[in-house]
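When a ligand or atom number is given, it counts from 1 through the structure's own listing order. Note that the numbering runs from 1 along the sequence shown for the chain.
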Amino acid sequence: MSLKYKRIAVKIGSNVLTRADGKLDITRMSALVDQIAMLHSKGVELVLISSGAVASGRSILGINKKMDVVDQRQLFSSVGQAKLINHYWDLFREHGITVGQVLTTKENFSSRRHYLNQRNCMQVMLDNKVIPIVNENDTVSVTELMFTDNDELSGLIASMMDMQALIILSNVDGIFNGPPSEPTSEVIHEIKKGQDISDFIQSSKSSFGRGGMATKTSIARKIADEGIDVYIANGKKDNILPLLLDKKSLVVCTRFTASAENVSSVKKWIAHSEGFAKGEVVINENAAKALTGDQAVSLLPVGVISIHGEFEKDDIIRIKTEDGKFLGVGKVQYDSNHARELMGRKNVKPLVHCDYLYLE
Ligand code: GLU
C-alpha cells in the first residue's frame with residue numbers, strides 16, 4: 001500500500017461514534033482505532049479530533065429533568081469525555097500506542113502566543129509518537145467563545161499543524177448534489193477552488209442529517225485554500241481511512257482540492273482569527289479595489305475612513321468597505337489611537353502589512 005500523506009488530521013463526529021440509543025459505539029471506535037494504528041505503524045503522523053463527549057455523558061447520566069443547555073453541556077461533557085478518552089486509551093494500548101488528551105477552547109487560539117503554545121504542545125506529542133486526541137473543553141468553554149462545532153476546531157488544528165490532509169468523518173458519504181435520501185442524489189466527488197456549491201447546501205437544509213454540512217463546507221474550502229486537501233467521508237464505512245489514503249484506491253467521498261499556494265504560518269493563524277478581532281476599520285473604494293486586486297498589497301492609513309473599537313499593536317482587526325461588505329482580517333501595526341491619528345495620511349507605514357492580511 002502506498003500512502004498519499006504522511007501527516008494528517010482526522011475528525012470523528014459524534015454520530016459516527018454513537019449508536020442509535022445514544023451510547024458510545026465501541027465496535028465502531030475499535031474499528032477506527034485499528035485503522036489509525038495501522039497508519040501510525042506506517043509512519044503517518046496523526047492528530048485525532050474526536051467528538052462524542054456530550055452524547056456519551058448524556059447517555060451515561062440519563063437525566064430526564066429539565067436542565068439549562070449550558071449546564072447540560074458542562075455536566076455531560078465532564079462525564080462523557082472521561083469515558084471517551086478511557087476507551088481510546090484502552091483501544092490504542094492494544095496496539096502498543098500511547099495517546100494524550102488535549103482539551104482546548106477558542107481562547108487558546110486568540111493570540112499568536114497562545115496559538116504557538118498550542119502548536120508546540122501537539123508537536124512535542126507527535127515528536128514522541130504520542131497521538132493527540134483533541135476535543136473542545138466543553139466543561140469550561142462559555143457560549144460566546146465556543147467553536148461552532150468540532151469541524152471548525154479540526155480545521156484550526158489541521159491548519160496550525162501544517163497537515164497535508166484533513167479527513168472529516170461523519171455518517172454520510174460526502175456532500176450530495178440533492179437530498180441524500182433521494183435515489184437520484186449523488187455524492188460530489190471533487191470540489192475545486194472557486195466552485196460554487198451553495199445551491200446544494202442550501203436546498204438540503206431541511207433534510208435530515210444535513211444541518212452540519214454548511215459549516216463543514218465552509219471550513220473545508222478555507223482549509224483547502226491554505227494548501228491542505230480536505231475529505232468529507234463516511235466514518236461508518238469499513239476501512240475508510242486506509243481506503244482514502246491509499247494512492248490507488250477510489251472511494252466515494254467529497255474531496256476539496258488543495259490550492260497550490262504556500263500559505264505562511266502566521267497567515268494561517270490570521271485566517272482563523274476573525275472571532276478574536278478587537279476592532280474594525282472601514283476603507284474607501286480605492287483601497288478596497290487595491291486589496292481585492294491581483295497584487296498582494298498592504299492596507300495603508302490613506303485608505304482608511306473610520307476606525308471602530310480600541311486595539312493594541314499586533315491585535316486582529318476586521319476590514320470592511322463603506323457599504324458594509326466584510327473583506328477580511330489583519331494584524332495591525334499601530335494601536336487604535338495612533339491609527340486614528342494617521343488615518344487618511346500618505347507616506348506612513350501600512351496599518352496592516354500584506355503578509356499579515358487575510359482576505360475572504
Ligand atoms: N465537543 C462536542 C462533544 O465532544 C462535540 C461538538 C460537535 O458536535 O462538533 O460532544
Side-chain angles (χ1 to χ4, degrees), residues 9-26 28-29 32-33 47-63 67-89 91 99-109 118 122 131-160 166-172 175 201 205 208-220 222-223 230-236 272 275:
V10 177
K11 184 254 167 176
I12 310 181
S14 301
N15 41 23
V16 176
L17 293 177
T18 40
R19 300 191 317 214
D21 63 3
K23 293 209 172 95
L24 277 180
D25 183 345
I26 309 299
R28 179 59 47 207
M29 265 182 103
L32 286 163
V33 167
V47 174
L48 183 61
I49 300 95
S50 178
S51 304
V54 173
S56 158
R58 179 178 286 117
S59 81
I60 293 167
L61 289 164
I63 291 173
M67 264 179 87
D68 173 76
V69 280
V70 176
D71 289 357
Q72 281 188 39
R73 191 168 47 81
Q74 292 183 323
L75 175 66
F76 297 159
S77 65
S78 69
V79 174
Q81 181 65 28
K83 176 99 180 163
L84 187 71
I85 203 73
N86 224 345
H87 277 303
Y88 275 125
W89 177 268
L91 291 167
V99 295
Q101 173 175 255
V102 180
L103 294 180
T104 189
T105 61
K106 207 166 187 173
E107 266 179 307
N108 290 335
F109 294 85
Q118 286 271 303
M122 270 177 266
I131 298 184
I133 302 185
V134 188
N135 196 0
E136 180 165 12
N137 194 347
D138 296 290
T139 311
V140 298
S141 53
V142 283
T143 325
E144 320 81 74
L145 265 177
M146 268 170 61
F147 292 105
T148 319
D149 49 33
N150 270 5
D151 295 323
E152 186 188 5
L153 173 61
S154 69
L156 260 169
I157 302 277
S159 161
M160 179 173 83
L166 164 66
I167 299 170
I168 299 180
L169 296 178
S170 81
N171 61 349
V172 286
I175 297 175
I201 305 298
K205 267 239 159 102
F208 173 76
R210 301 287 297 275
M213 272 309 165
T215 16
K216 279 191 180 53
T217 313
S218 75
I219 294 290
K222 195 165 180 172
I223 298 301
V230 183
Y231 296 83
I232 297 178
N234 194 335
K236 296 208 170 204
H272 295 273

Between [X] (side chain only) and [Y] (backbone N and O only), is there a donor and an acceptor less than 3.5 Å apart?
X	Y	answer
T18	S14	yes
E136	S141	no
R28	K236	yes

> What residue and heavy atom of the protein are closest to atom 8 (O) of ligand 1, and at what distance?
Replying inline: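 Looking at atom 8 (O) of ligand 1, the protein heavy atom closest to it is S14 OG, 4.2 Å.
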> Which protein heavy atom lies closest to atom 7 (C) of ligand 1, and at what distance to 0.1 Å?
Replying inline: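 Closest protein heavy atom to atom 7 (C) of ligand 1: N150 N, 3.7 Å.
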Using a strict 4.0 Å cut-off to heavy atoms of [X], name the atoms of ligand 1 that fall inside it.
X	result
G52	3 (C), 4 (O), 10 (O)
S51	4 (O), 5 (C), 9 (O)
D138	1 (N), 2 (C), 3 (C), 4 (O)
A53	3 (C), 4 (O), 10 (O)

> Does an N or O from V54, backbone or side chain, lie closer than 3.5 Å to an N or O of ligand 1?
Replying inline: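 Yes; the residue has a nitrogen or oxygen that sits under 3.5 Å from a nitrogen or oxygen of the ligand.
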> In chain order, what residues pass the side-chain hydrogen bond (donor to acceptor under 3.5 Å, both in side chains) check against Q72, with sequence neighbours excluded?
Replying inline: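 Applying side-chain hydrogen bond (donor to acceptor under 3.5 Å, both in side chains) to Q72 gives none.
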> When you check the side-chain N and O atoms of T104 and Q118, is any donor under 3.5 Å from an acceptor?
Replying inline: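 Yes, a side-chain donor-acceptor pair sits under 3.5 Å.
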> Out of L153, D151, N135, who gets a non-hydrogen atom closest to atom 4 (O) of ligand 1?
Replying inline: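 When every heavy atom of L153, D151, N135 is considered, N135 comes closest to atom 4 (O) of ligand 1.
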>> Taking side chain to side chain contact (heavy atoms under 4.5 Å, CB included) as the definition, give me every residue that meets it alongside D149, ordered by chain and number, with sequence neighbours left out.
In response: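 Partners of D149 by the side chain to side chain contact (heavy atoms under 4.5 Å, CB included) criterion, ordered by chain and then number, come out as D151, E152, T215.
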